[in-house]
There are 2 protein chains.
Amino acid sequence: MIYSSELIKGTLKTIVLKLLSTHTKMYGYEITQKVKELTLDKIQITEGALYPTLHALESEGLVTTETEYIGKRMRKYYSISPAGTVKTNEKVTEFADFLNTMTFLLDIKTTTA
Amino acid sequence: MIYSSELIKGTLKTIVLKLLSTHTKMYGYEITQKVKELTLDKIQITEGALYPTLHALESEGLVTTETEYIGKRMRKYYSISPAGTVKTNEKVTEFADFLNTMTFLLDIKTTTA
DNA sequence: AAAGATACATAAGACTTCGATGTATTTGCA
DNA sequence: TGCAAATACATCGAAGTCTTATGTATCTTT
């Protein structure tokens with residue numbers, strides 16, 4: 001199952017920030033693969049969505065970049081900034097609260113893993 | 001706290017369908033108030049978002065309508081259709097799954113209420 | 001040698017929601 | 001009694017986000 005695209009809307013930034021705050025540095029393609037892997041293919045981040053998001057995060061000062069070459073192929077690494085760490089916590093907290101609210105609203109039975 | 005609007009994106013239809021599947025019939029304004037009340041003001045559905053959504057649900061055959069007059073003021077009631085009930089279950093199930101995935105991905109600590 | 005994976009990026013279009021605006025009635029309170 | 005606030009519908013332009021398509025180029029595997 002792949003989630004309908006509306007669901008993921010609004011969560012992309014949060015996902016990317018969270019990943020970067022737990023991985024010191026990652027490059028774009030790596031992020032798409034990591035999300036795919038961690039979510040068992042349920043969330044597929046397209047490159048058309050990811051790169052604009054990364055650029056936006058950079059221009060907001062939430063991430064920093066450094067470019068590296070593997071052979072002749074470019075690789076652009078992204079790292080979380082101090083402001084990005086703060087923002088990540090805010091976004092994750094807000095999302096957690098939202099999940100609680102929705103669980104109640106939709107009367108979802110939570111399974112204790 | 002009111003959730004940033006991106007978060008609600010993609011969940012509006014699900015919320016409306018769920019409410020209608022547990023309330024026999026509701027009218028637009030009532031839905032906005034009910035959501036506000038149930039979520040302790042955290043989710044505010046704007047009328048500019050709700051009415052187009054209700055009209056869309058109707059044209060998809062997921063809800064049926066009946067108009068009533070309270071004095072001179074019109075009230076348009078919406079009720080879930082059989083197809084709507086099926087759709088509601090699908091959407092709620094999908095959201096529940098999404099919730100689990102995101103909880104894992106964002107490493108959210110769940111509180112057992 | 002070719003296909004598929006890796007790796008970046010942009011851009012037009014679709015879709016959803018917001019915020020503003022509009023009309024009209026009813027209720028509450030000062 | 002008069003006026004503000006709440007009730008109740010609705011539309012529309014603008015904004016924001018993501019999809020799909022497209023483009024370039026390198027590396028790996030068969």
Side-chain angles (χ1 to χ4, degrees), chain A residues 2-17 25-37 39 41-60 62-63 65-78 91 95 98 102, chain B residues 2-17 19 25-37 39 41-60 62-63 65-78 91 95 98:
Chain A
I2 297 174
Y3 302 127
S4 62
S5 64
E6 317 99 69
L7 263 190
I8 289 99
K9 261 175 200 175
T11 61
L12 183 54
K13 257 187 186 171
T14 307
I15 291 171
V16 171
L17 283 172
K25 65 177 185 175
M26 294 180 92
Y27 52 98
Y29 187 77
E30 187 184 10
I31 292 173
T32 65
Q33 298 311 110
K34 197 71 183 175
V35 171
K36 199 168 174 300
E37 176 200 328
T39 65
D41 293 13
K42 288 175 182 176
I43 297 181
Q44 310 250 20
I45 297 183
T46 61
E47 292 171 285
L50 180 63
Y51 290 113
T53 297
L54 284 171
H55 300 159
L57 290 176
E58 189 181 6
S59 76
E60 288 169 46
L62 302 176
V63 301
T65 62
E66 50 183 308
T67 302
E68 199 174 286
Y69 278 86
I70 308 296
K72 282 182 187 168
R73 192 153 59 189
M74 171 170 115
R75 199 177 267 183
K76 198 164 162 190
Y77 279 101
Y78 292 84
K91 289 222 152 240
F95 193 78
F98 174 68
M102 287 299 291
Chain B
I2 296 175
Y3 303 126
S4 63
S5 64
E6 316 99 70
L7 266 190
I8 290 96
K9 264 174 198 174
T11 60
L12 182 54
K13 256 187 188 174
T14 307
I15 292 171
V16 171
L17 282 173
L19 271 185
K25 65 178 188 176
M26 294 182 92
Y27 53 97
Y29 187 76
E30 187 185 11
I31 292 173
T32 65
Q33 297 313 108
K34 197 72 184 172
V35 170
K36 199 167 172 301
E37 176 201 328
T39 65
D41 293 12
K42 287 173 181 175
I43 298 182
Q44 310 250 21
I45 296 183
T46 60
E47 291 172 285
L50 180 64
Y51 290 112
T53 298
L54 285 172
H55 299 160
L57 291 176
E58 189 181 5
S59 76
E60 288 170 44
L62 303 176
V63 301
T65 62
E66 51 184 307
T67 302
E68 197 174 287
Y69 278 87
I70 308 295
K72 282 181 187 169
R73 192 152 59 189
M74 171 169 114
R75 200 177 268 184
K76 198 165 163 190
Y77 279 103
Y78 291 84
K91 290 221 153 241
F95 191 84
F98 174 67

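Order of the sequence lines sets the chain letters (A, B, ...), proteins ahead of strands, with each chain counted from 1.
Contact annotation: A:His55 side-chain N/O to C:dC8 OP1/OP2 distance is not under 4.0 Å. At the phosphate of C:dA9, neither OP1 nor OP2 sits under 4.0 Å from any side-chain N or O atom of A:Tyr51. Taking side-chain N and O atoms only, B:Tyr29 has no distance below 4.0 Å to OP1 or OP2 of D:dA6. When the side-chain nitrogen and oxygen atoms of A:Lys76 are compared with OP1 and OP2 of C:dA9, one or more of them lie within a distance under 4.0 Å.
If you take CD1 of B:Ile45 and C1' of D:dC9, they are 16 Å apart, rounded to a whole angstrom. The interatomic distance linking B:Lys9 (NZ) with C:dC18 (C1') rounds to 8 Å, in whole Å. If you measure from atom CD of B:Glu60 to atom C1' of C:dC15, you get 13 Å, rounded to the nearest angstrom. Atom CD of B:Gln44 is separated from atom C1' of C:dG19 by 14 Å (rounded to the nearest Å). Rounding to whole angstrom units, CG of residue B:Leu7 and C1' of C:dT17 are separated by 13 Å. Straight-line distance from the CZ atom of A:Arg75 to the C1' atom of C:dC8: 12 Å, rounded to whole Å. To the nearest angstrom, C1' of C:dT16 lies 10 Å from NZ of B:Lys13.
Across A:Leu54 and A:Val63, no two heavy atoms sit closer than the pair O-CG2, 4.2 Å. B:Pro52 and B:Ala49 make their closest contact through CD-O, 3.5 Å (heavy atoms, listed as atom of the first residue, atom of the second, distance). Contact between B:Asp41 and B:Ile2 at its shortest, heavy atoms only, is O-CG1, 3.7 Å. Across all non-hydrogen atoms, the minimal contact from A:Lys76 to A:Tyr27 is O-CB, 3.2 Å.
Sequence neighbours left out, the pairs with a member in residues 65-75 of chain B that pass salt bridge (charged side-chain N to carboxylate O under 4.0 Å, His left out) are B:Lys25-B:Glu68.
Within the 4.0 angstrom heavy-atom criterion, base atoms lie near A:Glu47. Counting any heavy atom pair closer than 4.0 Å across all strands shown, B:Gly28 reaches sugar-phosphate atoms only and no base atom. Residue contacts shown for A:Thr46 include a base, since a base heavy atom lies under 4.0 Å away.
Where B:Thr11 and B:Lys72 meet DNA chain C, the nucleotide closest to each residue was compared, and B:Thr11 sits on the side nearer the 5' end.
When the nucleotides C:dT25, D:dC9, C:dC8 are ranked by their closest atom to the side chain of B:Arg73, C:dT25 comes out on top.
With a 4.5 Å cut-off on side-chain heavy atoms, A:Phe98 and B:Thr11 count as touching.
Rounding to the nearest 0.5 Å gives a distance of 9.5 Å between CG of A:Leu17 and CG of A:Leu12.
Direction of the helix axis in the helix from C:dA1-D:dT30 to C:dA30-D:dT1 shifts by 30° between the two five-pair termini, rounded to 10°.
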